[in-house]
Amino acid sequence: MTVPQPDQQNQRLPGTEETHTPLVLALPKGRILKAVAPLLQQSGLAPSDDCLGESSRKLRFPTQNPNVDVVRVRSFDVATFVASGGAQIGICGADVLMEFDYPEIYAPLDLGIGGCRISVAQPNALPHDPAEWAQWSEVRAATKYPAITRRYFAQRGINANIVHLHGAMELAPMLGLSRLIVDLVDTGSTLRANGLREVETIAHITSRLIVNRTALKTRPEEISAIITQFRTALASQQQDQNS
């Protein structure tokens with residue numbers, strides 16, 4: 001009796017079975033997460049309801065797409081997760097990309113949400129004269145953007161002595177920690193409430209779709225499809241706004 005032989009082409013060595021892990025999309029907590037929710041819905045990537053709620057302690061969530069999970073992290077950490085490969089895709093502000101300048105990140109789409117600006121501000125009582133700035137050799141500035149701040153002042157021949165804070169920048173001038181602050185500004189109401197005013201705009205900021213470059217090479221079809229979904233959703237939103 002002849003024993004049938006298995007099809008050698010279909011044989012796999014033990015431990016070599018193909019496994020498929022979902023792509024991970026890193027999203028920032030807070031107002032950007034809420035602003036991007038309609039775009040995620042149109043892109044077929046809406047996360048489970050508890051992702052958008054404030055009460056959930058979970059950090060990873062499924063989406064409409066079974067091949068994509070979402071993680072919810074601090075806005076400043078999105079780029080780090082994507083650059084390190086912990087997440088293959090992310091949404092973060094251009095301010096974060098400017099600050100860290102990760103070569104591992106590709107930013108194919110400006111999503112046009114979360115519009116604000118990085119600005120220099122100072123106490124109302126201080127005069128602002130760009131000609132005077134040209135005479136400075138050094139300035140003390142409080143910011144959570146040390147790299148952006150140093151570059152900005154270096155381009156003007158000024159050395160920026162950085163007071164690195166993670167919040168409440170507006171307190172620095174009134175407590176004598178710095179002459180200037182460099183921070184994100186939306187309406188400017190927080191500055192005005194604390195006796196400060198915007199004097200220079202460094203950059204206008206919106207949120208971007210970002211991709212890990214290595215992941216784009218190893219999983220090109222899946223990631224390209226997601227980029228296309230976002231691009232289509234953006235075009236649909238713009239068409240609705242113009243109609």
Residue [X] excluded, over 12 heavy atoms near [atom1] under 6.0 Å:
{"X": "Phe81", "atom1": "CZ", "result": "no"}
{"X": "Lys34", "atom1": "NZ", "result": "no"}
{"X": "Asp129", "atom1": "CG", "result": "yes"}

Same apolar cluster (I L V M F W Y, side chains within < 4.5 Å links), [X]/[Y]:
{"X": "Phe76", "Y": "Val163", "answer": "no"}
{"X": "Tyr102", "Y": "Val78", "answer": "yes"}
{"X": "Leu33", "Y": "Val70", "answer": "yes"}
{"X": "Val185", "Y": "Leu196", "answer": "yes"}
{"X": "Leu216", "Y": "Phe230", "answer": "yes"}

As an exercise, state the distance from [atom1] of [X] to [atom2] of [Y], rounded to the nearest 0.5 Å.
{"X": "Ile118", "Y": "Asp183", "atom1": "CD1", "atom2": "CG", "value": "9.0 Å"}
{"X": "Ile148", "Y": "Thr143", "atom1": "CD1", "atom2": "OG1", "value": "7.5 Å"}
{"X": "Ile226", "Y": "Ser224", "atom1": "CD1", "atom2": "OG", "value": "9.5 Å"}
{"X": "Ile91", "Y": "Leu40", "atom1": "CD1", "atom2": "CG", "value": "5.0 Å"}
{"X": "Ile202", "Y": "Gln155", "atom1": "CD1", "atom2": "CD", "value": "9.5 Å"}
{"X": "Cys51", "Y": "Leu27", "atom1": "SG", "atom2": "CG", "value": "6.0 Å"}

Before giving the answer on side chain to side chain donor-acceptor pair (under 3.5 Å), spell out for Glu170 and Asn194 the whole-Å C-alpha distance, their side-chain angles and the decisive distance to 0.1 Å. CA-CA 6 Å; Glu170 296 81 7; Asn194 290 281; 5.1 Å; no

Backbone N or O of [Y] within a donor-acceptor pair of the [X] side chain at under 3.5 Å?
{"X": "Gln229", "Y": "Ser43", "result": "yes"}
{"X": "Gln64", "Y": "Leu45", "result": "yes"}
{"X": "Arg192", "Y": "Arg197", "result": "no"}
{"X": "Asn212", "Y": "Ala215", "result": "yes"}
{"X": "Ser236", "Y": "Thr232", "result": "no"}
{"X": "Thr201", "Y": "Ala203", "result": "no"}
{"X": "Gln122", "Y": "Val199", "result": "no"}
{"X": "Arg140", "Y": "Ile162", "result": "no"}

Closest contact, heavy atoms only, [X] versus [Y]:
{"X": "Ile105", "Y": "Val82", "answer": "CG1-CG1, 4.2 Å"}
{"X": "Pro22", "Y": "Val68", "answer": "CB-N, 4.2 Å"}
{"X": "Gln42", "Y": "Ala233", "answer": "CB-CB, 3.7 Å"}
{"X": "Leu209", "Y": "Pro108", "answer": "O-CD, 3.1 Å"}
{"X": "Asp186", "Y": "Gly115", "answer": "OD1-O, 3.9 Å"}
{"X": "Ile181", "Y": "Ala172", "answer": "CG2-CB, 4.4 Å"}

So Ile210 and Leu97, side chain to side chain contact (heavy atoms under 4.5 Å, CB included) or not? Walk me through it. CA-CA 9 Å; Ile210 62 173; Leu97 300 179; 3.9 Å; yes

Pairing of Arg117 and Glu198 as salt bridge, 4.0 angstrom limit: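 Result for this pair is yes, salt bridge flagged.
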
Does Arg179 pair with Glu132 as a salt bridge, N-O distance under 4.0 Å?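 Between Glu132 and Arg179 there is a salt bridge, with a charged N closer than 4.0 Å to a carboxylate O.
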
May I ask you to check whether Tyr152 and Tyr145 place their ring centres under 6.0 Å from each other?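 Here the rings of Tyr152 and Tyr145 have centres that are no less than 6.0 Å from each other.
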
For Ser48 and Asp50, which I'm curious about, is there any donor-acceptor pair between the side chains at under 3.5 Å?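 Side chains of Ser48 and Asp50: pair found under 3.5 Å.
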
Quick one: do Arg151 and Met98 satisfy side chain to side chain contact (heavy atoms under 4.5 Å, CB included)? Show the steps, please. CA-CA 10 Å; Arg151 284 198 302 267; Met98 291 170 61; 4.2 Å; yes

Just do the side chain to side chain contact (heavy atoms under 4.5 Å, CB included) check on Val71 and Leu25 with the steps written out, would you? CA-CA 6 Å; Val71 292; Leu25 169 63; over 6 Å; no

Specify whether His166 and His164 have parallel, tilted or perpendicular ring planes, treating 30° as the upper limit for parallel and 60° as the lower limit for perpendicular.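 Tilted.
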
For Leu23 and Ile223: C-alpha separation, side-chain torsions, deciding distance, then whether side chain to side chain contact (heavy atoms under 4.5 Å, CB included) applies. CA-CA 8 Å; Leu23 292 171; Ile223 292 178; 4.1 Å; yes

